[in-house]
Number of protein chains: 2
Amino acid sequence: MFKSSESIEKLISNLARLPGIGRKSAGRLAFHLLKVSKEEALELADAIKDVKEKVGFCSICNNISEVDPCYICSDPSRRQDIICVVEEASDLLALDKAEGFKGLYHVLGGKISPLDGIGPDDLKISELLARINQDIKEVIVATNPNVEGEATALHLAKLLKPLGVKITRIARGLPVGGDLEYADGMTLSRALEGRQEI
Amino acid sequence: MFKSSESIEKLISNLARLPGIGRKSAGRLAFHLLKVSKEEALELADAIKDVKEKVGFCSICNNISEVDPCYICSDPSRRQDIICVVEEASDLLALDKAEGFKGLYHVLGGKISPLDGIGPDDLKISELLARINQDIKEVIVATNPNVEGEATALHLAKLLKPLGVKITRIARGLPVGGDLEYADGMTLSRALEGRQEI
C-alpha cells in the first residue's frame, strides 16, 4: 500500500491485528503516531513492553498480576471459602469494582467455544478443581450469560458436583435501569424464572 | 482502577490517547496485548519505535517518508509543473492510489481551524509559496470539502493569486455510486453548480 515506507506498512499491519481495529483504523492510528511527539509514541511502545515484561499470571487464580500470588489471593481479609469463577481477568475486575463480593476468584482464561477450537482442556479447569477442598463452601459460576458462557457453566457444574461443593450461577434478569419493553424474550423469561419474594 | 498493576494502568492510559479509542476500548486492547504472545506484543512496540526512528518528512513537500526527498519529489517521470495541495499525508496516499494525477504534492500538515487553535502559521504554507516559480503552471487545492478545508482553500487562493499561478479546487459533487435521494442539500447544490456538458 505505502511504497515509500516499509516501517509504516509494518506498523499498520501490527495495529490491524488488534481486536476491533481494521486496516483503515490501523492506518489512521499509524498516521496519528507519526504526527505525535516522539516521546508520546515511545511512551506507548514502552508501556506495551513493560506490561509484557512485568505482568504475569497468579499461580493460584490465574488473574493477571505483577506479583504472585495476586493481591486478591494474598488478601487474608477476604472470605477464603467461596470462589467466583470468571472467563477473563477483565470480568474479575468488573465484578471486583462492583464490590458485592469479597471472596476469591478463579480466571478460566476463556470459555468453551468449539467454533473457535477452544475446548475444556484449553481453560484452567483442572487448576480450579485442584483448589476445591472441604474449606470451600461455594463456587459461583460467573461466566457470561451467552451460549458459550452457559455451556462452560454447565460443564463446570458437571465436574464440580461430584466434589460435594455448592455451585451457584449468577442471576440472569433485567439489568438495573433497563426497560421491560426493550428487553429480549430470553432475558424476560429468565427474569420471570428467577423471581424472588419481596 | 486496577490496583494490582501499575503497568497495565499506564498502558491503558497510553492507548486511550489514540484517536477514536476511549478508556473502555483501551482496556480491551490492553487485555488483548496481555493475552497474545510476547513476540506479537513486542512486534507492535518495535513497529512504533521503528516508525518514529526511521520515518521523517520530505523537506520539499512535507510528505512522510523514510528518504529525503520522498519517492514522489524524486521521481522525474512525474509532471513537475503541477502541485496538488493536501491537508495530510494520508490524503496524499488516497489521491495517489486513485492514480488520476501524476504531478507533485504538497502536504500542509493540517487545516486552518481556529477552534483547535490552528492558524495559517501552523501549516506548511510558506514552504508551498516558496515552491511556486514560473515552471509551476497549476496548483490544485485538494483540502477536504468541509468548513475548515474550504477556509484553508480560500486562504491559499488569496496568497497564491498574486503569484500569477493557476489555482483550481477539486470538484465537489455526488460521490460515484452515490444516491441522489440520500445526498445532503449542500452536496446536491454543489453538484448542480459544477455541472458539465456531456
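Below, chain A is the first sequence line, B the second, and so on; all start at residue 1. This one's a predicted model, so the numbers in the text were calculated from it and none came from an experiment.
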Checklist entry - Between B:Asp50, B:Leu42, B:Leu34, which shows the greatest number of heavy-atom pairs under 4.5 Å with chain A? => result B:Leu34
Checklist entry - For A:Leu15, is it the side chain, the backbone, both or neither that has a heavy atom under 4.5 Å from a heavy atom of chain B? => result both
Checklist entry - Is there a side-chain contact between A:Ile167 and A:Lys161, using heavy atoms and a 4.5 Å cut-off? => result yes
Checklist outcome for this item: Exactly one candidate in B:Ile83, B:Ile125, B:Ile132, B:Val85 meets side-chain contact (heavy atoms from CB on, under 4.5 Å) with B:Leu160; the answer is B:Ile132
Item to check | Among the listed options B:Arg28, B:Lys10, B:Arg17, the residue most often paired with chain A at heavy-atom distances under 4.5 Å | outcome: B:Arg17
Next on the checklist: Just so I understand: if I count every heavy-atom pair under 4.5 Å between each of B:Ser90, B:Ser25, B:Gly56 and chain A, which residue has the most?
Outcome noted: B:Ser90
Next on the checklist: Within the 4.5 Å heavy-atom criterion, are B:Asp81 and B:Asp135 side-chain neighbours or not?
Outcome noted: no
Checklist outcome for this item: Okay, A:Glu88 and chain B: the region with an atom under 4.5 Å from a heavy atom over there is side chain
Next on the checklist: Can you tell me how far apart CD (A:Gln80) and CD1 (A:Ile136) are? Round to the nearest 0.5 Å.
Outcome noted: 8.0 Å
Checklist entry - Is there a side-chain contact between A:Leu11 and B:Leu44, using heavy atoms and a 4.5 Å cut-off? => result yes
Item to check | Heavy-atom contact with chain B under 4.5 Å, split by part of A:Lys38 | outcome: both
Checklist entry - What is the distance from atom CG of B:Leu174 to atom CG of B:Leu188, rounded to the nearest 0.5 Å? => result 5.5 Å
Next on the checklist: Can you tell me which of B:Glu53, B:Lys54, B:Glu40 forms the most heavy-atom pairs within a distance under 4.5 Å of chain A?
Outcome noted: B:Glu40
Checklist entry - So what's closer than 4.5 Å to chain B heavy atoms on A:Ser37: side chain, backbone, both or neither? => result backbone
